[in-house]
Peer 1: 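Here's a structure for you.
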Amino acid sequence: MTQDTHTRPLEGLRVVDFTTLVAGPYCSRYLADLGAEVIKIESADGDYMRSQAPMRDGLSSYFGQVNCGKKSVVADLKDPDTLTDIKRLIDTADIVIENFRPGVMARFGLDYETLSGSNPGLIYCAVSGYGQTGPGADRPAYAQNVHASSGHDLTLLRYQDELTRPANSVLFYADILAAIYAFSAVNTALYSREKTGRGQYIDVSLMESVVNLMPYDVQEAQFPAKISRPVYKPSRTSDGFVIIMPNTQRNFEMLARATGHDEWIEDPRFATVEARYNNFPELLETIESWTIQHSSEDCERILSAASVPCGRYRTVAEALEDPQLKHRKAFQTVTDRAGDYLVTNLPFKMSGSTVSAVPSVSELGEYKLSDFL
């Protein structure tokens with residue numbers, strides 16, 4: 001049971017955030033959600049995401065989703081006096097996060113080795129496309145080219161019936177995964193610091209984050225499977241699609257009974273897990289002969305009541321209205337000069353702490369370095 005408390009577990013920690021775009025900023029936003037003071041260092045032009053749609057009255061809600069709860073400071077890292085103040089600020093900080101190309105921070109004298117000399121407890125997290133060292137470290141990286149080079153996109157293509165080239169790419173899996181891994185690593189380093197008194201350097205790569213998304217395929221690439229794993233496909237309904245996952249023997253038998261087709265249980269093509277694996281396309285065709293006669297909502301209702309994993313395909317707009325997500329308080333209303341909008345909360349609750357997005361978005365340069373020195 002969630003207790004009524006306003007305590008955020010990372011209150012009292014200070015983060016100096018040199019990140020832009022998505023991966024680094026999402027990590028630091030998670031820290032802000034948990035109570036850390038996050039000071040976002042921006043150029044005079046601001047984070048590129050401030051100009052990205054959706055826009056309302058010149059303000060980006062996309063930027064707000066990734067950066068709510070932070071305090072924006074405009075600083076010119078090429079100015080010696082400003083750089084001196086930045087180093088003074090970092091001496092008061094617990095965490096630094098950056099996602100420049102490898103070597104950029106060192107050119108400003110803001111590398112971990114330099115900064116930890118005066119702040120040995122500093123936790124320094126660098127997020128990059130391919131890591132800080134190695135033959136590919138300097139390659140320019142966005143999520144989409146990481147998806148391609150990691151094997152992710154050709155893995156998805158392998159399981160499609162109709163595509164003749166890799167699918168178009170618009171979702172930033174690599175960025176979100178790297179943000180989560182960076183967030184986890186920072187919290188692990190904080191725990192380690194409690195025991196040792198020392199900070200440490202964290203090196204997170206988008207490439208390795210995506211490779212970690214594919215445990216089966218990493219193994220199957222080394223040891224090709226004799227039987228293809230099931231490829232889950234949408235089943236057409238009278239008004240859309242559902243996806244059904246009759247994985248275990250119990251799932252399948254409950255599916256057969258719920259649809260009024262007990263004979264499927266004795267069908268030699270489907271009677272065992274191995275048989276279903278070998279005849280999975282036929283199984284899906286058989287299931288679709290039932291789903292096509294029902295609406296997506298009815299399919300989901302009937303099968304879920306029978307403990308069969310089933311989900312109807314929805315738009316994000318429809319998911320925003322999901323009563324379960326509303327019950328879970330999965331979204332937080334934040335406010336900027338253009339008005340209110342929803343952002344996602346972290347997908348976990350804590351019984352003794354508040355875990356939610358801070359409901360405000362800092363204007364570019366709203367704060368000054370002197371506010372924190």
Side-chain angles (χ1 to χ4, degrees), residues 1-5 8 22 25-27 29-30 32-34 52-56 60-69 143 156 167 169-173 175-177 179-180 183 213 232-248 251 254-255 258-259 284 287-288 290-336 338-351 353-361:
M1 179 179 293
T2 301
Q3 300 172 4
D4 183 16
T5 175
R8 294 180 185 260
V22 178
Y26 231 171
C27 172
R29 200 213 94 172
Y30 297 152
D33 288 1
L34 296 181
Q52 297 304 292
M55 302 289 290
R56 308 114 55 250
S60 168
S61 63
Y62 191 3
F63 173 84
Q65 163 91 22
V66 179
N67 290 280
C68 57
L156 287 183
S169 183
V170 294
L171 298 178
F172 297 86
Y173 303 115
D175 285 321
I176 307 307
L177 284 168
I180 294 167
F183 174 68
L213 184 63
Y232 300 100
K233 302 178 182 180
S235 296
R236 188 178 293 277
T237 67
S238 63
D239 62 353
F241 298 92
V242 294
I243 192 159
I244 300 170
M245 309 278 286
N247 279 346
T248 67
N251 288 156
M254 295 296 285
L255 167 68
T259 58
L284 293 181
I287 293 171
E288 190 171 82
W290 177 83
T291 61
I292 195 69
Q293 302 175 51
H294 300 79
S295 68
S296 298
E297 186 173 356
D298 283 345
C299 289
E300 186 178 58
R301 176 180 53 79
I302 292 167
L303 296 180
S304 294
S307 297
V308 179
C310 173
R312 59 191 172 97
Y313 285 75
R314 302 185 298 189
T315 65
V316 173
E318 290 172 323
L320 286 170
E321 299 301 320
D322 187 318
Q324 177 65 16
L325 290 177
K326 288 185 176 180
H327 170 79
R328 291 278 298 170
K329 298 181 179 178
F331 304 102
Q332 170 75 23
T333 299
V334 302
T335 304
D336 62 18
D340 296 344
Y341 54 96
L342 296 176
V343 304
T344 52
N345 278 324
L346 280 162
F348 59 82
K349 313 297 178 190
M350 299 178 71
S351 65
S353 303
T354 296
V355 180
S356 64
V358 179
S360 61
V361 181

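Quantities reported herein were computed from a predicted structural model and do not represent experimental measurements. Only heavy atoms go into these numbers, but all of them, side chains included; no hydrogens, no water, no symmetry mates.
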Peer 1: Going from CG on L320 to CZ on F331, what distance comes out if it is rounded to the nearest 0.5 angstrom?
Peer 2: 4.5 Å
Peer 1: Can you name the closest pair of heavy atoms from V66 and V22 and give their distance?
Peer 2: CG1-O, 4.0 Å
Peer 1: Taking all atoms of both residues into account, what is the closest heavy-atom pair of Y341 and G64, and its distance?
Peer 2: OH-CA, 3.2 Å
Peer 1: For R328, does its backbone N or O pair with a side-chain atom of K349 as donor and acceptor, under 3.5 Å?
Peer 2: yes
Peer 1: Can you name the one residue among E318, E300, E297 that meets side-chain hydrogen bond (donor to acceptor under 3.5 Å, both in side chains) with R312?
Peer 2: E300
Peer 1: Looking at D336 and S61, would you say the former's side chain and the latter's main chain have a donor-acceptor pair under 3.5 Å?
Peer 2: no
Peer 1: Kindly indicate, with the supporting measurements, whether the criterion side-chain contact (heavy atoms from CB on, under 4.5 Å) is fulfilled by I180 and Y30.
Peer 2: CA-CA 9 Å; I180 294 167; Y30 297 152; 4.3 Å; yes
Peer 1: Rounded at 0.5 Å granularity, tell me how far CD1 in I243 sits from SG in C299.
Peer 2: 13.0 Å
Peer 1: Would N345 and S356 satisfy side-chain hydrogen bond (donor to acceptor under 3.5 Å, both in side chains), going step by step from the backbone distance to the final call?
Peer 2: CA-CA 5 Å; N345 278 324; S356 64; 4.8 Å; no
Peer 1: Going from CG on D33 to CZ on R8, what distance comes out if it is rounded to the nearest 0.5 angstrom?
Peer 2: 7.0 Å
Peer 1: Do any N or O atoms from the side chain of E288 and from the backbone of R236 form a donor-acceptor pair under 3.5 angstrom?
Peer 2: yes
Peer 1: Under the criterion side-chain contact (heavy atoms from CB on, under 4.5 Å), I'd like the reasoning laid out for Q332 against V343: C-alpha separation, chi angles, the key distance, then a yes or no.
Peer 2: CA-CA 5 Å; Q332 170 75 23; V343 304; 4.3 Å; yes
Peer 1: When you measure from the side chain of S238 to the backbone of S295, do you find a donor-acceptor pair of N or O atoms at a distance under 3.5 Å?
Peer 2: yes
Peer 1: So, the side chain of S60 versus the backbone of Q52: is there a donor-acceptor pair under 3.5 Å, distance only?
Peer 2: yes
Peer 1: What's the shortest heavy-atom distance between L255 and P246, and which atoms?
Peer 2: CD2-CB, 3.9 Å
Peer 1: Decide yes or no on side-chain contact (heavy atoms from CB on, under 4.5 Å) for D175 and Y26, but give the supporting numbers first.
Peer 2: CA-CA 8 Å; D175 285 321; Y26 231 171; over 6 Å; no
Peer 1: Report yes or no: does R29 contribute a side-chain atom to a donor-acceptor pair with the main-chain N or O of A357 at less than 3.5 Å?
Peer 2: no
Peer 1: Any idea which heavy atoms bring P234 and Y313 closest together, and the distance?
Peer 2: CB-OH, 3.5 Å
Peer 1: Starting at CD1 of I244, measure out to OH of Y232 and round the result to the nearest 0.5 Å.
Peer 2: 12.0 Å
Peer 1: Taking atom CE of M55 and atom OH of Y62, what is their separation to the nearest 0.5 Å?
Peer 2: 13.5 Å
Peer 1: Begin with the C-alpha distance, continue with both residues' side-chain angles, and end with the deciding distance and a verdict on side-chain contact (heavy atoms from CB on, under 4.5 Å) for D322 and R314.
Peer 2: CA-CA 10 Å; D322 187 318; R314 302 185 298 189; 2.8 Å; yes
Peer 1: Can you find a heavy atom in the side chain of L303 that is under 4.5 Å from one in the side chain of V242?
Peer 2: no
Peer 1: Parallel, tilted or perpendicular for F183 and F348, by the 30°/60° rule?
Peer 2: parallel
Peer 1: I need the I302 CD1 to T259 OG1 distance, nearest 0.5 Å.
Peer 2: 9.5 Å
Peer 1: For N251 and P309, indicate whether the former's side chain and the latter's backbone hold a donor-acceptor pair under 3.5 Å.
Peer 2: no
Peer 1: What are the two closest non-hydrogen atoms of S235 and I287, and how far apart are they?
Peer 2: OG-CG2, 4.3 Å
Peer 1: Of all the heavy-atom pairs spanning C68 and V358, show the shortest one and how long it is.
Peer 2: CB-O, 3.6 Å
